[in-house]
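This report refers to the structure that appears directly beneath it.
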Number of protein chains: 2
Amino acid sequence: MITVLLADDEHLIRGAVAALLGLEDDLEVVGEVARGDEVAAAVAGSDPDVAVLDIDMPGADGLTVAEELRDAGARCSVCVLTSFGRPGYLRRAMAAGVRGFVAKDAPTEELAAAIRKVHAGGRYLDAELAASAMAAGDNPLTQREREILRLVGAGTETSRIAALLRLSEGTVRNYLSTAMAKLGEPNRVAAVRAAREMGWI
Amino acid sequence: MITVLLADDEHLIRGAVAALLGLEDDLEVVGEVARGDEVAAAVAGSDPDVAVLDIDMPGADGLTVAEELRDAGARCSVCVLTSFGRPGYLRRAMAAGVRGFVAKDAPTEELAAAIRKVHAGGRYLDAELAASAMAAGDNPLTQREREILRLVGAGTETSRIAALLRLSEGTVRNYLSTAMAKLGEPNRVAAVRAAREMGWI
DNA sequence: CGTTCGGCATGACATCTGTCATCCGCGCCG
DNA sequence: CGGCGCGGATGACAGATGTCATGCCGAACG
């Protein structure tokens, strides 16, 4: 029997996935949490074989949590679940020692298959996702560029961003300009959208 | 036995919800589709008692589909499933004759309960959602403002928006200005974010 | 009927944004 | 060591953005 911990912020989805896994004879859901920052405690408490983490969560996102678990030397394997085909996430997940990567629009059987494979010490990559990650290539954005794109995406004014990062406004605009050039987008709104889509911010 | 049609673009989630509903003795999932524009055909084909529609779907969003079903005089009741607490969606759903409205982060039991209630001719509203809808009030944006916010959100340049809508650029900026004022946001990015959050675009 | 109001539309103006040339500092390699 | 490339940082400038005053039209109302 493989024990599983589920982390996803949407209660209904979490329950539905639990129901799905419950249909498998060799899988047992031993814990559920709604926030990234609750995962560590739950892993310590219920000691699951595999942790299934959604990426978009309040508290801490799934990838950050995976990095924490690796650094803490946790016993359990990690399987990440992602909404869209954000290729950039895959690299970070790999770096965090995640061995399972499943897209939410993958066929139903894939999740259980991924959990088994990961628990056996293997890797599981959604084929579509892996392909789009190859196609997209590396994240070309620097730390500063990502930071500023994130703030712009939150609707922050340029002046506030400059103050927050102790930069001149011109510098902030300049980072945005290089980011827009790298992404091939004509303005900040499009750049934020594109970077989000790629999983680069 | 209540027959159910599921519409959600994420395969895994759709399968998981189907598994969840499969646990209920009186519910049977008789069809699944991944796109809004496939719903009408599936309803005609499998003649379900209740259609469970996600709002965010390619092809046509859940609310548009609900309006279509109502206009076509479809027999089946509709239960809408929504990701975030986008209060603005609720009003549109009500107007479209939707009688069930469930948030994806609602407790697991709520979906089955909503389906039964809706099938019996009653209404089902997620309490949290209803409360936030009351708090948020009406959508203050005009048709034009919504149209332009949507285009800006897609990263379209002002000049292209003007061309698309046969307006002068100044007019486009003006609609954005009034939208920003109504939303209390300082720039277009923030305005788009706020409007999305409220379910107003 | 006249008035009033809200949505639509425009141009002019001040401000903000995006681009460019430039400089600094650091790590790397011949 | 000297030179090169890259990320970080800046200010100046042209062009895009946000605001404002204004006008038009149709619906609502006395």
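Here is the naming used below: chain letters follow the sequence lines, and residue numbers restart at 1 for every chain. As a basis for the values below, the full set of heavy atoms in this structure was taken, side chains included, without hydrogen atoms, waters or symmetry mates.
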* Looking only at side-chain N and O atoms, does B:Thr171 come under 4.0 Å of OP1 or OP2 in C:dT10? -> yes
* To do: Ignoring hydrogens and angles, tell me if any N or O in the side chain of B:Arg173 forms a donor-acceptor pair with the backbone of B:Thr158 under 3.5 Å.
  => no
* Report which part of the nucleic acid A:Thr158 touches: base, sugar-phosphate, or nothing (heavy-atom distance under 4.0 Å, all strands). => sugar-phosphate
* **Atom-to-atom span, CE of B:Met180 to P of D:dC20 - whole angstrom** => 11 Å
* **A:Val172 or A:Lys182, whichever maps to the more 5' nucleotide of DNA chain D** => A:Lys182
* To do: Specify the residue among B:Asn187 and B:Leu165 whose closest nucleotide of DNA chain C lies further upstream toward the 5′ end.
  => B:Leu165
* **Interatomic distance, A:Glu169 CD vs D:dA16 P [rounded to whole Å]** => 20 Å
* Atom-to-atom span, CD1 of A:Ile148 to C1' of D:dG7 - whole angstrom -> 13 Å
* Find the distance A:Leu176:CG to D:dA9:P and express it as a whole number of Å. => 14 Å
* Roughly, in whole Å, what's the span from CD in B:Glu145 to C1' in C:dA9? -> 13 Å
* **Side chain of B:Arg173 - closest among D:dT17, D:dA9, D:dA12** => D:dT17
* Backbone N/O of B:Val43 and side chain of B:Ser46: donor-acceptor pair under 3.5 Å -> no
* Asked: Please give, in whole Å, the distance from D:dT17 P to A:Glu157 CD?
  -> 17 Å
* Asked: Of all heavy-atom pairs between A:Asp9 and A:Asp56, which one has the smallest distance, and what is that distance?
  -> OD1-O, 3.4 Å
* C:dA9 phosphate, OP1 or OP2: any side-chain N/O from B:Ser168 under 4.0 angstrom? -> no
* So, does A:Asp49 use its side chain to make a donor-acceptor pair with the main chain of A:Thr3 at under 3.5 Å? -> yes
* Asked: Quick one: is B:Arg188 getting a side-chain N or O under 4.0 Å of the D:dG18 phosphate, OP1 or OP2?
  -> yes
* **hbond_proxy A:Arg144 side chain to D:dG8 base (donor-acceptor, 3.5 Å cutoff)** => no
* Asked: Between A:Gln143 and B:Tyr175, which has a closest nucleotide on DNA chain D that is more 5'?
  -> A:Gln143
* To do: Please state whether the phosphate of D:dT19, meaning OP1 or OP2, lies under 4.0 angstrom from any side-chain nitrogen or oxygen of B:Ser177.
  => yes
* Asked: Within the modelled atom types, does a donor on one side and an acceptor on the other bring the side chain of B:Asn174 and the base of D:dT19 under 3.5 Å apart?
  -> no
* Taking only side-chain nitrogens and oxygens of B:Thr142, does any of them come within less than 4.0 Å of OP1 or OP2 of C:dG7? -> no
* Asked: Atom CD1 of B:Ile161 and atom P of C:dA9: how far apart are they, to the nearest Å?
  -> 14 Å
* To do: Nearest whole angstrom, please: distance from the C1' of D:dG18 to the CG of B:Leu149.
  => 14 Å
* Asked: Can you name the salt bridge (Lys or Arg N to Asp or Glu O under 4.0 Å) partners of A:Glu110, sequence neighbours left out?
  -> none
